[in-house]
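What follows is a short report on a single structure.
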Amino acid sequence: QVQLVESGGGLVQAGGSLRLSCAASGSISNINAMGWYRQAPGAQREWVATVTSGGGTAYTVSVKGRFTIWRDNAKNTLYLQMNSLKPEDTAVYYCKRDDSLGSWGQGTQVTVSS
């Protein structure tokens with residue numbers, strides 16, 4: 001099992017940007033798909049974005065055009081660039097391998113003020 005640790009969250013004003021990182025304890029090059037998820041207070045955890053080993057990406061409609069997901073296999077790191085942030089983006093953000101071996105970590109808090 002590969003340990004994943006999220007970082008990069010913080011408090012920003014609406015319209016601002018953050019870059020989240022997901023550092024893996026081992027190689028991620030053999031993981032077909034990795035994704036970012038988020039959970040707002042009192043809400044269910046939801047899928048945000050996915051990137052495949054071939055570089056293909058997919059996004060939930062609410063973040064499309066504002067967020068970018070990519071992976072650096074050489075650095076064993078998954079990233080999420082978040083631009084034009086909105087208060088409704090406020091949540092704890094998690095990364096996970098999108099297969100049967102995936103599990104949840106502690107996440108990183110993103111708070112967007114208005």
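- Thr68 contributes atom OG1, which lies 6.5 Å from atom CG of Asn83 (distance to the nearest 0.5 angstrom).
- The closest donor-acceptor contact from the side chain of Thr90 to the backbone of Val112 lies under 3.5 Å.
- Although no hydrogens or angles enter the test, the distance criterion places a donor-acceptor pair under 3.5 Å between the side chain of Trp47 and the main chain of Ala49.
- The aromatic ring centres of Trp36 and Phe67 sit 6.0 Å or more apart.
- Ser27 has its side chain out of reach of Asn73: every pair of non-hydrogen atoms, C-beta onward, lies at least 4.5 Å apart.
- For residues 52-89, no residue pair satisfies the disulfide bond (SG atoms under 2.5 Å apart) rule, not counting sequence neighbours.
- Cluster annotation: Val63 is not connected to Val92 through the hydrophobic network of ILVMFWY side chains, with a link wherever side-chain heavy atoms come within less than 4.5 Å.
- From Asn76, atom CG reaches atom OG of Ser29 across 7.5 Å, with rounding to the nearest 0.5 Å.
- The CZ atom of Arg97 sits 9.0 Å away from the OG atom of Ser103 when rounded to the nearest 0.5 Å.
- Shown here are the salt bridge (charged side-chain N to carboxylate O under 4.0 Å, His left out) partners of Glu46, two or more places apart in sequence or in another chain: Arg38.
- Hydrophobic clustering places Val12 together with Tyr93 (ILVMFWY residues linked when any side-chain heavy atoms are closer than 4.5 Å, directly or through intermediates).
- Both Leu78 and Ile31 are part of a single hydrophobic cluster, where members link through side-chain heavy atoms under 4.5 Å apart.
- Atom OG of Ser113 sits about 10.5 Å away from atom CG of Leu85, to the nearest 0.5 Å.
- Separation of atoms CD1 (Ile28) and OG1 (Thr77) is listed at 6.5 Å; rounding is to 0.5 Å.
- Summarising the geometry of Thr108 relative to Gly8, their closest heavy-atom pair is OG1-N, 4.0 Å, with the distance given to 0.1 Å.
- Hydrophobic clustering (ILVMFWY, side-chain heavy atoms < 4.5 Å, transitive): Val5 and Val2 are in distinct clusters.
- Residue pairs meeting the salt bridge (Lys or Arg N to Asp or Glu O under 4.0 Å) criterion with at least one member in residues 54-66, sequence neighbours excluded: Arg66-Asp89.
- Across Leu4 and Ala24, no two heavy atoms sit closer than the pair CD2-CB, 3.6 Å.
- Between Ala91 and Ala40 the shortest heavy-atom distance is CB-N, 3.7 Å.
- Among residue pairs with one or both ends in residues 68-88, those qualifying as ring pair (Phe, Tyr, Trp, His ring centres under 6.0 Å) are Trp70-Tyr79; sequence neighbours excluded.
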Using the side-chain contact (heavy atoms from CB on, under 4.5 Å) rule, take Glu6 and Leu20 through it: C-alpha gap first, then chi angles, then the decisive distance, then the call.
CA-CA 7 Å; Glu6 302 92 342; Leu20 306 184; over 6 Å; no
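- Every residue was checked against the salt bridge (charged side-chain N to carboxylate O under 4.0 Å, His left out) condition with Arg71, not counting sequence neighbours, and none meets it.
- Applying the disulfide bond (SG atoms under 2.5 Å apart) definition to pairs two or more places apart or across chains, those involving residues 11-97 are Cys22-Cys95.
- By the criterion of side-chain heavy atoms lying less than 4.5 angstrom apart, applied directly or through intervening Ile, Leu, Val, Met, Phe, Trp or Tyr residues, Tyr37 is not grouped with Met82; the two fall into different hydrophobic clusters.
- The shortest heavy-atom contact between Gln81 and Ser17 is NE2-CB, 4.0 Å.
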